[in-house]
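These notes concern the structure reproduced below.
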Amino acid sequence: MRRRGLKDNIADELQQHNYANLGETSTVSPVQNPDEEPIRRFISLEQVRSQEQEFAREQKLQRRQSLAEGRPPEHEKPEEGKFEVSRFATQLYTISYLVLFSILGTLARLGLQALTTYPGTPVIFPSLWPNFAGSLIMGSSLKTACSSANTPLPTTAILLQR
């Protein structure tokens, strides 16, 4: 087993802090001045790198001070109310929910198909209404998810709205 050196620890911390506040839907703005202010101060790459190095030095210094005082570093402290869930349990729950809701979805589709199939029906295809209902449900859930996450709708949804 290879011992990790100080450079490996610093590199890991830099990588961890670079992406610490990055959300799922965060993207880089294509416009360099998104606020449309008349004066915009840009941060050069050299300034960003020096800030990252300064942050790494401060973290290293704090870690050394906490170890010298005999207390564990901040990121190694056990947090109350947090517990680890096994990967197997998470996969089991996910698969169980997928199976349950696929069965319920199939039963709903078969029930709607049975309700809309009768003698003299104006529609020849028995799966028309279940497919229509499924499209409505999926479209409304997509629009709700996109509006709550403040992300734009996919191109096809935008074209359909016109």
Side-chain angles (χ1 to χ4, degrees), residues 1-106 108-109 131-162:
M1 180 176 205
R2 181 178 168 253
R3 286 185 70 186
R4 294 177 57 106
L6 183 60
K7 287 183 179 180
D8 293 333
N9 289 338
I10 291 174
D12 288 346
E13 283 188 18
L14 278 175
Q15 183 179 9
Q16 179 183 13
H17 292 292
N18 283 342
Y19 301 107
N21 296 324
L22 186 64
E24 287 181 4
T25 58
S26 296
T27 59
V28 177
S29 175
V31 179
Q32 290 188 358
N33 190 1
D35 300 327
E36 298 296 328
E37 296 176 357
I39 298 176
R40 170 91 171 144
R41 296 183 188 260
F42 294 99
I43 299 175
S44 68
L45 185 60
E46 290 84 11
Q47 291 172 332
V48 171
R49 296 292 180 231
S50 65
Q51 289 174 354
E52 288 175 353
Q53 290 173 353
E54 182 65 30
F55 180 75
R57 279 190 224 110
E58 288 175 7
Q59 291 295 317
K60 185 177 163 184
L61 182 62
Q62 287 177 358
R63 189 171 50 247
R64 284 184 181 171
Q65 287 176 350
S66 65
L67 290 175
E69 293 173 2
R71 57 188 166 97
E74 291 292 323
H75 66 306
E76 294 180 9
K77 286 185 179 178
E79 296 183 21
E80 296 179 12
K82 281 197 169 184
F83 55 92
E84 294 206 18
V85 180
S86 71
R87 182 177 176 162
F88 175 74
T90 304
Q91 289 177 349
L92 179 68
Y93 295 150
T94 304
I95 292 172
S96 299
Y97 277 120
L98 284 173
V99 168
L100 172 69
F101 286 112
S102 67
I103 291 172
L104 291 177
T106 302
R109 180 180 58 81
N131 288 341
F132 177 71
S135 296
L136 282 179
I137 291 170
M138 293 301 287
S140 65
S141 63
L142 174 70
K143 188 169 183 176
T144 304
C146 287
S147 65
S148 65
N150 291 329
T151 58
L153 289 171
T155 309
T156 55
I158 292 172
L159 291 175
L160 291 175
Q161 284 182 345
R162 290 182 183 178

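One is the number of the first residue; the rest follow in order along the sequence.
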Glu54 meets the side-chain contact (heavy atoms from CB on, under 4.5 Å) criterion, sequence neighbours left out, with Arg57, Glu58

Here the gap from Ile95 atom CD1 to Ser102 atom OG, rounded to the nearest 0.5 Å, amounts to 11.5 Å

Interatomic distance, OG@Ser50 vs CD@Gln47, rounded to 0.5 Å, equals 6.5 Å

Decide yes or no on side chain to side chain contact (heavy atoms under 4.5 Å, CB included) for Arg109 and Thr106, but give the supporting numbers first.
CA-CA 5 Å; Arg109 180 180 58 81; Thr106 302; 3.9 Å; yes

Applying side-chain contact (heavy atoms from CB on, under 4.5 Å) to Leu100 and not counting sequence neighbours gives Leu104

Would you mind writing out the side-chain donor-acceptor pairs for residues 84-92 within the sub-3.5 Å range, not counting sequence neighbours?
unit_1 : atom_1 : unit_2 : atom_2 : d
Ser86  : OG     : Ala89  : N      : 3.1
Thr90  : OG1    : Ser86  : O      : 3.1

